Q: 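Below are the structure tokens for one structure; questions will follow.
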Amino acid sequence: MKIGIIGAGNIGGNLTRRLTALGHDVSVANSRGPETLKALAEETGATPVTAAEAARGARVVVVTVPLKAVPDLPSGLLGEAADEVAVIDTGNYYPQQRDGRIAAIEDGLTESRWTEQQIGHPVIKAFNGTYAQDILDKGQPQGVPGRQALPVAGDDPAAKRTVRDLIDELGFDTVDAGGLDESWRQQPGTPVYGNRGDADAIAKALADASPERTAEWRA
């Protein structure tokens, strides 16, 4: 499958490593230009590209950049993506630590709904509470007791299925976390954020979440 990854930080870099190892055709971009991705490309066989090129022909696109950088992504980012492209948003709002105040999120809009509005395309929220190293180290075959599970939220059933199947291929179970308006259940500060539990533990953590954003996660 052709996959575009926009952002080559911890999550983006390790997804590039794992997805190329699984045989996918991965293009990867960052904010500094393809020439700065030479080492990652040599290590993995991924193709370094500009952000504007990353989605070209892609069946899956991963947006894994700081939230404050999302509005600066190229316009028409997904214009040349494959039909029915599934877009994964891994982002988190860190107002005090990195992103500054984003009024719509402070007023109650879910983080991924905000990202969706910025890029003009539906997104599936996944990997946002996952430790990057776990992507390399924690994957296990289907059926292994205690297999780590990841929550996945989104409104498009077909895109969500594509993302859940890809996560399964990476070696993790998934739990359907509902639509994007329910994705506050997996935002920073919730019980599921950073949770390494199995599917039952993740389902319980989602159910136990509160929509109230605590002071640590507000501007």
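Values in this document were obtained by computation on a predicted structure and should not be read as measured data.
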Q: Measuring from atom CD1 of Ile105 to atom OG of Ser112, what distance do you get when rounded to the nearest 0.5 angstrom?
A: 9.0 Å
Q: Evaluate side-chain contact (heavy atoms from CB on, under 4.5 Å) for Leu67 paired with Trp114, printing each intermediate quantity in order.
A: CA-CA 9 Å; Leu67 239 64; Trp114 181 84; 3.8 Å; yes
Q: With a 4.5 Å cut-off on side-chain heavy-atom distances among I, L, V, M, F, W and Y, is there a chain of contacts connecting Leu170 to Leu150?
A: yes
Q: For a quick test of reading the model, state the closest non-hydrogen atom pair linking Thr16 to Ala46 and the distance between them.
A: CG2-CB, 3.6 Å
Q: List the atom of Gly178, the atom of Lys160, and the distance in Å for their closest heavy-atom pair.
A: O-NZ, 3.0 Å
Q: Could you tell me the separation between the OH atom of Tyr93 and the CZ atom of Arg213, rounded to the nearest 0.5 Å?
A: 6.5 Å
Q: Kindly determine whether Thr44 and Arg17 satisfy side-chain contact (heavy atoms from CB on, under 4.5 Å), including the steps that lead there.
A: CA-CA 6 Å; Thr44 63; Arg17 292 177 176 93; 3.8 Å; yes
Q: Give me the atom names and distance for the closest heavy-atom approach of Thr64 to Ile5.
A: CG2-CG2, 4.1 Å
Q: In terms of heavy-atom contacts, does CG of Asp72 have more than 12 from other residues, nucleotides or ligands at under 6.0 Å?
A: yes
Q: Strictly below 4.0 Å, N to O, side chains only: are Arg161 and Asp165 in salt-bridge contact?
A: yes
Q: For Ala219, does its backbone N or O pair with a side-chain atom of Glu106 as donor and acceptor, under 3.5 Å?
A: yes
Q: Asp176 vs Glu182, test: side-chain contact (heavy atoms from CB on, under 4.5 Å). Steps then yes/no.
A: CA-CA 11 Å; Asp176 191 330; Glu182 289 289 304; over 6 Å; no
Q: Is the side chain of Arg196 donor-acceptor paired with the backbone N or O of Gln148 at a distance under 3.5 Å, no angle test?
A: no
Q: Using modelled atom types and a 3.5 Å cut-off, is there a donor and acceptor pairing between side-chain atoms of Asn10 and backbone atoms of Gly13?
A: no
Q: Working to the nearest 0.5 Å, report the span between CD1 of Ile135 and CG of Leu15.
A: 4.0 Å
Q: So how far is it from Asp25 CG to Arg59 CZ, rounded to the nearest 0.5 Å?
A: 14.5 Å
Q: Testing the basics here: between Glu111 and Gly91, what is the closest heavy-atom pair and its distance to 0.1 Å?
A: OE1-O, 4.1 Å
Q: State the CG-CD distance between Asp173 and Gln142, to the nearest 0.5 angstrom.
A: 7.5 Å
Q: Output, in order, the C-alpha distance, side-chain angles, deciding distance and verdict of side-chain contact (heavy atoms from CB on, under 4.5 Å) for Arg164 and Ile167.
A: CA-CA 5 Å; Arg164 294 181 72 179; Ile167 292 172; 5.7 Å; no
Q: Determine, using the 4.5 Å side-chain heavy-atom cutoff (strictly less than), whether Leu77 and Val123 are members of one ILVMFWY cluster.
A: yes
Q: With rounding to the nearest 0.5 Å, note down the distance linking CD1 in Ile102 to CG in Leu109.
A: 10.0 Å
Q: With a 4.5 Å cut-off on side-chain heavy-atom distances among I, L, V, M, F, W and Y, is there a chain of contacts connecting Val62 to Ile6?
A: no
Q: If hydrophobic clusters are built by linking Ile, Leu, Val, Met, Phe, Trp and Tyr wherever their side-chain heavy atoms come under 4.5 Å apart, do Leu22 and Met1 end up in the same one?
A: yes
Q: With a 4.5 Å limit on heavy-atom distance, are the side chains of Val87 and Pro122 in contact?
A: no
Q: Compute whether any side-chain donor of one residue and acceptor of the other, for Gln187 and Thr190, lie under 3.5 angstrom apart.
A: no
Q: For Ala153 versus Ser183, what's the shortest heavy-atom pair and its separation?
A: CB-CB, 3.8 Å
Q: Counting only heavy atoms from other residues, nucleotides and ligands, does the tally under 6.0 Å from CD of Glu35 exceed 12?
A: yes
Q: So, for Val60 and Thr162, which heavy atoms are closest and what is the spacing to 0.1 Å?
A: CG2-CG2, 3.8 Å
Q: Strictly distance-based, threshold 3.5 Å: is any side-chain N or O of Asn128 a donor or acceptor partner for the main-chain N or O of Gln186?
A: yes
Q: Is it the case that one hydrophobic cluster holds both Leu73 and Val61, taking links as side-chain heavy atoms less than 4.5 Å apart, direct or via other members?
A: yes
Q: Going by the rule ring-ring contact (aromatic ring centres under 6.0 Å, His included), which residues pair with Tyr94 if we only count those two or more places apart in sequence or in a different chain?
A: Trp217
